[in-house]
Every structure is written in structure tokens, then in C-alpha cells.
Amino acid sequence: MSVSIHIDNVMKKFGEEVVLKGLSLDIREGELFTLLGPSGCGKTTLLRMIIGFNSIDQGKIHINEEIINDIPVNKRNMGMVFQNYAIFPHMTVEENIAFGLKAKKIEKKEMQQRIDEILKVVKIEHYRKKKPDKLSGGQQQRVALARALVIHPTVLLMDEPLSNLDAKLRIEMRNAIRQIQQKVGITTVYVTHDQEEALAISDRIAVMYNGVIQQIGKPEEIYSRPNNLFVAQFIGTSNAIHGKVLVKDKKPVLSFENGYEVMLQTLHEEVRDQQKVIVSVRPQEFVITQDEESMEGVIESTMFLGLNTHYFIQLSSGEQVEVIQDAENNEILPEGATIRLKLKADKINIFDAETEMTLIKAGA
């Protein structure tokens with residue numbers, strides 16, 4: 001049966017350093033919830049607080065309605081998959097998976113049934129008699145996942161589980177983890193610094209920075225409408241261009257240094273005339289144009305990647321941007337060429353230059 005996790009105003013200090021600063025969030029039953037952020041943001045600390053490896057200096061953590069702050073690790077019935085797998089090299093796959101069941105004193109018949117079942121779920125039933133040194137990295141990760149799940153935990157916790165795998169295997173294993181999690185239906189908290197991994201695998205994501213949650217939402221929400229400039233620049237590639245908002249006939253217009261202006265329908269009503277802003281534009285949100293009413297720049301370098309071409313451009317304002325153009329039926333423009341660009345007004349994100357918080361209205 002799936003459980004919910006309620007984290008209420010938790011704080012963690014190591015010495016004088018405050019690592020988590022009164023953090024609160026709710027994780028729903030059966031969802032794969034990802035804690036995403038750069039190294040040192042507090043995501044692994046929070047994961048270790050949930051399982052009980054780290055104490056809680058302030059606040060409460062609930063599993064359903066039960067406060068677990070003072071419950072010892074071995075009584076929390078949680079499974080954890082570590083970055084380095086932490087499987088025993090002298091044991092076979094089957095013996096590794098049985099380890100937690102023996103600790104729980106599960107009787108032999110049920111133990112074998114559980115092992116057989118989980119080997120099929122994670123698709124390593126043919127490797128049951130092999131030792132870890134005879135397995136690939138992906139197969140070892142499946143063993144670690146099987147060992148965590150076979151004890152029938154209430155919560156599955158995963159700490160950077162794919163960081164030791166090569167790029168191709170990471171993609172294969174993130175798909176496998178997602179499929180297994182959905183099949184088992186277990187509430188899962190997943191920690192990673194890899195934005196693409198988080199977008200691909202998660203039901204919802206909490207973006208963390210400096211011990212504070214910056215935004216919680218579905219992957220497409222966080223990518224398309226980031227709450228602040230940090231999230232915009234951390235999730236995917238984003239260009240930051242300075243401009244200002246002009247209010248003309250009570251309607252907001254985005255204005256740039258070279259006189260290029262964009263009519264906007266997405267800004268909330270509190271924007272001010274002459275308000276300085278930072279415009280976040282993803283590379284695919286530029287349009288290469290011949291229109292004189294546009295931005296001008298010079299192509300500094302070009303990168304052809306098959307399906308598309310990446311241009312690195314210095315604008316007349318001195319700012320540098322990356323632009324992606326579909327390669328099909330488009331001639332590759334030479335380095336040194338002058339180029340003109342327009343913006344996809346409904347896609348770009350706009351932040352107050354001082355607070356760096358979004359100025360996009362809800363639902364836009």
C-alpha cells in the first residue's frame with residue numbers, strides 16, 4: 001500500500017552551517033518525486049533525514065499521519081538504493097537480495113517466493129547465481145533495486161543511483177527504474193543533479209538551491225514556466241537577455257536596447273512601466289528572420305548536430321546567446337554572418353531584474 005510523506009518546516013545544521021532552512025513539502029502516494037539541484041543544495045541531506053541516517057534539528061516528517069522523527073532506521077521499513085550500489089561482492093545476486101529478508105526473519109518459503117518475484121520484476125532472473133563482478137553496471141544497479149524492493153518497504157529512496165553509469169546505460173536504466181516504480185506502485189523519493197534525468201523520470205520535481213525549495217511542479221511546468229531565474233537557468237539551456245517593460249495604451253510591451261519590441265499577453269497585471277527585466281529565452285525560442293523589426297547579431301560559431309544546428313551569436317547589445325534551428329531544409333549559416341532574430345512571445349519567460357522572480361501570470 002502506498003503512503004504519503006509530509007515534510008513540515010524541517011531544518012538541519014552541520015556545525016554553524018544551516019543546510020536545510022525550514023523546508024516543507026508533500027509527496028503523494030505512489031508518485032516518483034525527485035529532489036533536483038546542484039551539489040551542496042541539501043537534497044541528499046533531506047533524503048537521509050527521511051530514512052533516519054541524519055537527525056532532524058527542527059520540524060517534523062510524517063509518513064501518512066505518523067511522525068517518524070524518533071523512529072530508528074531499522075523500524076522505518078524503507079528501502080534505499082545508493083550511488084555506489086553497496087551490494088556485497090562475495091555474495092551471489094540471490095544472496096544479496098535475500099540479505100534484508102534474513103534480517104527481517106522471513107521464513108524460507110516466503111523468502112524464495114519474494115526473491116523469484118522481484119528477480120522477474122527487475123529482469124535479472126538469469127543472473128541469480130552470479131556474483132557482482134560478473135555483472136555490468138546496469139545489472140548491478142538492478143540488484144541494488146531488487147534488494148531495496150524485496151523487503152516490501154513503504155517508501156523507496158534513491159540517491160544519485162545512475163551517476164556511475166555511462167550515458168547510454170543511464171538512459172536505459174532511468175527508463176527501467178520508471179517502469180519498475182510504476183509497476184510496483186511504491187512512493188519513491190529520487191535524488192539527482194541531472195536535469196534531463198529528472199525531467200524524464202519524475203511525476204513531480206522539487207528544484208532545490210542553498211537549502212531552499214525554489215519550485216515544485218510537474219516536469220513540463222518547471223521547464224516551461226520556471227518560478228525564478230535560477231530555475232530557468234538550471235533546467236535545460238536558457239539565454240538571459242536584459243530589457244525593460246513599457247506600458248503602452250495600458251498594454252505591456254517588452255523592449256530591448258536596439259529598439260526591438262515584443263507585444264506580450266503573458267505578463268501579470270502588476271508589471272510597471274520602465275520596469276527592468278531579465279528575459280529567459282531557450283535556444284529553440286528564437287526565430288531567424290529577415291524582418292528589420294528584430295534583434296541583430298553576428299554568428300561567432302556554428303555546431304551542426306544532425307537534426308539541428310546550434311548557433312552561438314553575439315547580439316548588438318554585447319550579450320551572447322545560443323540559437324537552435326531545425327537542420328531540415330535550412331541552409332547552415334556561416335560564421336561571421338550577420339543574423340536577425342525574433343522571439344516566440346508566448347514561450348519566453350520574464351523575470352524582475354532585481355528580485356529575479358517571474359513576471360508571468362499564472363496559467364499563461
Side-chain angles (χ1 to χ4, degrees), residues 195 199 207 214-215 217-299 308-330 333 337-364:
Q195 305 96 313
L199 292 171
V207 182
Q214 306 294 315
Q215 185 172 356
K218 295 179 180 179
E220 59 270 25
E221 293 169 349
I222 287 177
Y223 182 85
S224 300
R225 290 299 184 215
N227 274 353
N228 58 40
L229 188 61
F230 170 80
V231 176
Q233 296 185 322
F234 187 74
I235 302 290
T237 302
S238 185
N239 302 288
I241 308 171
H242 289 77
K244 62 183 176 181
V245 173
L246 304 178
V247 179
K248 296 184 176 182
D249 298 326
K250 298 183 179 181
K251 294 181 180 179
V253 176
L254 181 60
S255 177
F256 294 96
E257 186 179 292
N258 68 343
Y260 173 49
E261 294 185 349
V262 182
M263 292 291 295
L264 295 170
Q265 306 292 328
T266 55
L267 290 186
H268 61 58
E269 295 175 356
E270 297 172 10
V271 293
R272 308 180 308 273
D273 187 41
Q274 301 293 325
Q275 184 171 356
K276 292 182 179 179
V277 297
I278 299 172
V279 184
S280 172
V281 188
R282 299 204 182 275
Q284 65 273 21
E285 293 169 358
F286 286 103
V287 177
I288 297 175
T289 182
Q290 301 295 324
D291 192 339
E292 292 295 319
E293 297 293 322
S294 57
M295 298 178 177
E296 185 178 273
V298 175
I299 299 174
N308 48 51
T309 304
H310 294 232
Y311 296 105
F312 299 89
I313 296 164
Q314 180 160 358
L315 300 176
S316 57
S317 63
E319 294 168 308
Q320 293 182 315
V321 297
E322 180 181 354
V323 176
I324 295 178
Q325 185 181 46
D326 187 346
E328 187 177 354
N329 300 324
N330 283 307
L333 302 171
T338 298
I339 192 172
R340 304 202 72 89
L341 302 169
K342 300 185 86 167
L343 304 180
K344 296 179 181 179
D346 60 330
K347 300 290 187 184
I348 60 175
N349 284 280
I350 301 168
F351 305 98
D352 179 82
E354 185 175 342
T355 66
E356 297 187 350
M357 298 301 292
T358 185
L359 296 174
I360 301 294
K361 62 186 175 186

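Quick note: residue numbers are just sequence positions, from 1. These values consider heavy atoms only, across backbone and side chains, with no hydrogens, waters or symmetry-generated copies.
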Heavy atoms of Met263 and Ala345 approach each other most closely as O-CB, 3.8 Å
Lys361 and Glu269: CA distance, side-chain angles, deciding distance, side chain to side chain contact (heavy atoms under 4.5 Å, CB included) verdict
CA-CA 8 Å; Lys361 62 186 175 186; Glu269 295 175 356; over 6 Å; no
Roughly how far, to the nearest 0.5 Å, is the CD1 atom of Ile288 from the CD1 atom of Ile299?
6.5 Å
Among Ile313, Thr309, Val323, Ile339, which residue satisfies the side chain to side chain contact (heavy atoms under 4.5 Å, CB included) criterion with Leu333?
Ile339
Got Ile278 and Ile241 here, is their nearest side-chain heavy-atom distance under 4.5 Å?
no
Heavy-atom distance under 4.5 Å between the side chains of Tyr311 and Gln325, does that happen here?
yes
Should we say atom CD of Gln265 is surrounded by more than 12 heavy atoms from elsewhere, each under 6.0 Å from it?
no
Closest contact, heavy atoms only, Phe351 versus Pro226
CE2-O, 3.6 Å
Taking the side chain as everything from C-beta on, heavy atoms only, tell me whether Glu296 gets closer than 4.5 Å to Thr338.
yes
Testing the basics here: between Ala232 and Ser238, what is the closest heavy-atom pair and its distance to 0.1 Å?
O-CB, 3.4 Å
Would you say that Phe286 contacts Leu343 through its side chain, given a criterion of any heavy-atom pair below 4.5 Å between the two side chains?
yes
Thr289 backbone acceptor or donor facing Arg340 side chain under 3.5 Å
no
Gln275 and Asp352: CA distance, side-chain angles, deciding distance, side chain to side chain donor-acceptor pair (under 3.5 Å) verdict
CA-CA 8 Å; Gln275 184 171 356; Asp352 179 82; 2.7 Å; yes
Rounding to 0.5 Å, atoms NE2 (His268) and OG1 (Thr358) come to a distance of 7.0 Å
Just wondering, do Lys251 and Val253 contact through their side chains at under 4.5 Å, heavy atoms?
no
Taking C-beta and beyond as the side chain, do Val247 and Arg272 meet within less than 4.5 Å on heavy atoms?
no
Walk me through whether Glu319 and Glu257 qualify under side chain to side chain contact (heavy atoms under 4.5 Å, CB included).
CA-CA 11 Å; Glu319 294 168 308; Glu257 186 179 292; over 6 Å; no
Using 0.5 Å steps for rounding, measure from the NZ atom of Lys344 to the NZ atom of Lys342.
13.0 Å
The reported gap from CG in Leu229 to CE in Met357 (rounded to nearest 0.5 angstrom) is 10.5 Å
Heavy-atom neighbours of Glu293 CD exceed 12 at 6.0 Å
no
Answer whether the closest heavy-atom distance between the side chains of Arg282 and Tyr223 falls below 4.5 Å.
yes
Show the nearest heavy-atom pair for residues Pro252 and Val245, with the distance to one decimal.
CB-CG1, 4.1 Å
Quick check: do Ile348 and Thr266 have side-chain heavy atoms less than 4.5 Å from each other?
no
Hey, could you give me the OG/CD1 distance between Ser224 and Ile360, rounded to the nearest 0.5 Å?
11.5 Å
Over all atoms of both residues, closest heavy-atom pair of Ser294 and Leu341
CB-O, 3.2 Å
Do other residues, nucleotides or ligands put more than 12 heavy atoms under 6.0 Å from Gln274 CD?
yes
Please report the C-alpha distance between Ile324 and Thr237 in whole Å, then the side-chain angles of each, then the deciding distance to 0.1 Å, and finally whether the side chain to side chain contact (heavy atoms under 4.5 Å, CB included) criterion is met.
CA-CA 11 Å; Ile324 295 178; Thr237 302; over 6 Å; no
Donor-acceptor pair between Gln215 and Asn228 side chains, under 3.5 angstrom
no
Please give me the minimum heavy-atom distance between Val262 and Phe256, naming the atom from each residue.
CG2-CE1, 4.4 Å
Applying side chain to side chain contact (heavy atoms under 4.5 Å, CB included) to Glu322 and Asn239, what does each step give before you reach the verdict?
CA-CA 7 Å; Glu322 180 181 354; Asn239 302 288; 3.9 Å; yes
